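To start, the structure under review is shown below, and the notes come after it.
All heavy atoms count here, side chains included; hydrogens, waters and symmetry mates do not. This is a predicted model, so every value here is computed, not measured.
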Amino acid sequence: MLKTHGCGELRAEHIGQSITLAGWVHRRRDHGGLIFIDLRDRSGIVQVVCNPEISAQAHQVASKCRSEFVLQIKGTVQARPQGLINPELPTGEIEVAAEAVTILNPAKTPPIYINIEDEVDEAVRLRYRYLDLRRQRMQRNIILRHRVVKFIRDYLDAQGFIEIETPILIKSTPEGARDYVVPSRVHPGKFYALPQSPQQLKQLLMVAGFEKYFQIARCFRDEDLRADRQPEFTQLDMEMSFVDQEDVLRITEDLFTALVRELEPETGKHLKESPFPRLSYEEAMARYGTDKPDLRYGLELVDVSDLVAECGFRVFTQTVAGGGQVKALVAPGCAAYSRRQVDELTGLVQKQGAQGLVTIAVQEGQLKSTVSKFLASGELEAIVERTKAGVGDLICIVADQPPVVARSLDALRREFAARLSLADPDELAFCWVLDFPLLEWNEEEGRWNAVHHPFTSAQDEDWALLESGDPGQAKAKAYDLVLNGWEVGGGSIRIHRRDLQALMFRTLGITPEQAQAQFGHMLEAFEYGAPPHGGIAPGIDRIVAILAGEPNIKEVIAFPKTQTAMDLMTQAPSEISPQQLAELHIRLATEE
RNA sequence: GGGGGCGUAGUGUAGCGGUUAACAUGCCGGCCUGUCAAGCCGGAGAUCGCGGGUUCAAAUCCCGUCGCUCCCGCCA
């Protein structure tokens, strides 16, 4: 090794020791007669003093050093002189008196600051990602990610889980997201797909008798990007045999409870509660307007439809009569909102499809509402009472069909939480969302789609609904893990009986021939003693981002892609040579 | 596919019809033995993303385009 110690490890106990360090010039302070170098490596920063009276060589070389030069420094750890201790630095009680400085490699002036935590244009960061990754924020995030994955591996190993790799080149299936495909050289005109998740493979591992499987699995989906979506991302893929939903929830909950507690000294983030609260899908939509509610704050939606069903405001009465809802949200302390501020909120809900926004400002001794001339004072008071709004609060009301009401009030709820800083950034509010619908109607194609995926089991009593008319009412044995308003995982109990799988395919409008062509291997496998099984797949990138306090998963991925799925460092994707195309039997249909 | 935001020295920003395109920092040179975002002095560094248009005159206004970004659609 070119070093005996890490820069950040040195403490008062090392005083007097001869040591060798190697790292990067974090900052240089040249006083002419005396040069200070803050030397940085992964472990931290230490001050090196180059005094010509101790070593003329060290001082002379140090005078040529610049930011990000790679140095090896031999020297002695010494106590800092009286009054010169730097309490900002973990190594601030000591410094290293340089006896020899070697430039292992010089460096060009970097295009971004390594030593200042400053916002830099993301394109520049991504182009020079290796420099961006040198910065403290990214080092911290990537190391945190390592700890998360390491903890998960150790924990699941101790619970009897086996980590098994599954192929990256697999068969394309039409369900779900768009596949990334890879052409086959050996089989002209045929393509592999990259896995959207190892879904089928992990189920086959259950048929294979491994009983408890997990994998830190890379997944690929060729869909448009978001702050929480990259084209390739990492899941903790898990599957277990002889379990029911309760077992999967408990094991997952125990894992994340232990993980969060283990990392709390590092992240400073604590669990709001464990066991995690459970909400049915229906309840989540009713109380929060979303299936991924942020439970760090309240602001629950309140249904007031019955209170206004026969009031004097036709928008309300017609909405209720037409099967819609009138629901309210109380914004604490916002009664004094100006017309302009209310207009902003109205614009927000209109973007979600709502016609408008009705407000009631609860003021001392009076209620000011945009609809006071339509509603009797008793009706307004009934709404105030139902919503438990107090003096100084602003009640926001949306009337529309349930999906529009949900979307609008969810948007409002998140807007108020942001404006009023209601979400504690150091709190982790996990919850489970359960009892999802099994199927949803696909308007375009005129058929049912699986909400989760076609191997998800219906709840036991709901199988009959698939045959007898009302498949849309069937609930699935599916569950989502939600954390601070992010969906951080989803899973289900699978169908393990061939007859029920056939019923499922029939309901989805998949003919036996199509099922055989696409999923023949699954159906066949299930005929050889498939155990009851189920699993879950928490998203590693999202969980680490939340633990790191980052708003975007790019901040916890070493080499992420831009919103147009480019790698700005390597310029992927790129053209390939005509020879490569020819080998792959591909001709480009380039548009003119 | 659609909507919003951003694009000016290496980096972060200001300027928003007429400026020598400004400031900070970084960079280069000089001085400096106790700094720690060191200090002081001097210097270099910008076809204002790109293309077109309006105008006597465009970084500034208009149109288009490209890049980055946030969102909707999409993401079983």
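- Screening residues 403-413 of chain A for side chain to side chain donor-acceptor pair (under 3.5 Å), with sequence neighbours left out, gives Asp410(A)-Arg414(A).
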Enumerate all atom pairs, one protein N or O and one N or O from nucleotides 44-48 of chain B, separated by less than 3.5 Å.
none

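- A heavy atom lying under 4.0 Å from RNA chain B marks none of the residues of residues 491-514 of chain A.
- Mapped onto RNA chain B by nearest heavy atom, Gln78(A) and Arg28(A) fall at different nucleotides, with Gln78(A) at the one closer to the 5' end.
- For Leu34(A) and U35(B), the CG to C1' distance is 8 Å, given to the nearest whole Å.
- Pairs of residues two or more places apart, or lying in two chains, never qualify as salt bridge (Lys or Arg N to Asp or Glu O under 4.0 Å) while including a residue from residues 73-84 of chain A.
- With sequence neighbours excluded, the residues forming a salt bridge (Lys or Arg N to Asp or Glu O under 4.0 Å) with Glu232(A) are Arg218(A), Lys561(A), listed by chain and number.
- Near RNA chain B, meaning a heavy atom under 4.0 Å from it, residues 555-562 of chain A has Thr562(A) in order of number.
- Within the structure, the side chain to side chain donor-acceptor pair (under 3.5 Å) test picks out the following pairs touching residues 472-493 of chain A (sequence neighbours left out): Thr456(A)-Ser492(A), Asp460(A)-Lys477(A), Ser492(A)-Arg494(A).
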If you restrict it to nitrogen or oxygen atoms, what contacts under 3.5 Å exist between nucleotides 5-13 of chain B and the protein, and what is each distance?
from, atom 1, to, atom 2, distance (Å)
G10(B), O2', Pro111(A), O, 3.2
G10(B), N2, Tyr113(A), OH, 2.5
U11(B), O4', Pro111(A), O, 3.4
G12(B), OP1, Asp121(A), N, 2.6

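- Residues that satisfy the side-chain hydrogen bond (donor to acceptor under 3.5 Å, both in side chains) test with Asp567(A), not counting sequence neighbours, are Thr570(A).
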- [ ] Walk me through it: do Arg28(A) and Asp30(A) pass the test salt bridge (Lys or Arg N to Asp or Glu O under 4.0 Å)?
- [x] CA-CA 6 Å; Arg28(A) 187 184 66 121; Asp30(A) 186 345; 3.3 Å; yes
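- Other residues, nucleotides and ligands place no more than 12 heavy atoms under 6.0 Å from the CH2 atom of Trp24(A).
- Contacts between residues 218-234 of chain A and RNA chain B, defined by a heavy-atom separation under 4.0 Å, are made by Arg221(A), Glu223(A), Asp224(A), Arg226(A), Ala227(A), Arg229(A).
- Closest to the side chain of Arg80(A), out of U69(B), U33(B), C36(B), is C36(B).
- Here the side chain of Glu95(A) is nearest to one of U35(B), C36(B), U69(B), namely U35(B).
- Within the structure, every pair that satisfies the salt bridge (Lys or Arg N to Asp or Glu O under 4.0 Å) test and touches residues 500-526 of chain A, not counting sequence neighbours, is listed here: Glu467(A)-Arg506(A).
- Straight-line distance from the CG atom of Leu10(A) to the C1' atom of C36(B): 16 Å, rounded to whole Å.
- Base pairing analysis places G12(B) opposite C23(B); the two distances defining the Watson-Crick or G-U wobble pair are each below 3.5 Å.
- Going from the P atom of G26(B) to that of U19(B) covers 31 Å, rounded to whole Å.
- Rounded to whole Å, the separation between the C1' atoms of A37(B) and G52(B) comes to 45 Å.
- Around CD of Gln459(A), the count of heavy atoms belonging to other residues, nucleotides or ligands within 6.0 Å exceeds 12.
- Using a 4.0 Å heavy-atom criterion, one finds that Glu68(A) contacts no nucleic acid atom at all.
- Base pairing analysis places G17(B) opposite nothing; no Watson-Crick or G-U wobble pair with both distances below 3.5 Å involves it.
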Which atom pairs, donor and acceptor, lie under 3.5 Å between side-chain atoms of residues 345-357 of chain A and protein residues at least two apart or in another chain?
from, atom 1, to, atom 2, distance (Å)
Thr346(A), OG1, Val342(A), O, 2.9
Gln350(A), NE2, Gln355(A), O, 3.1

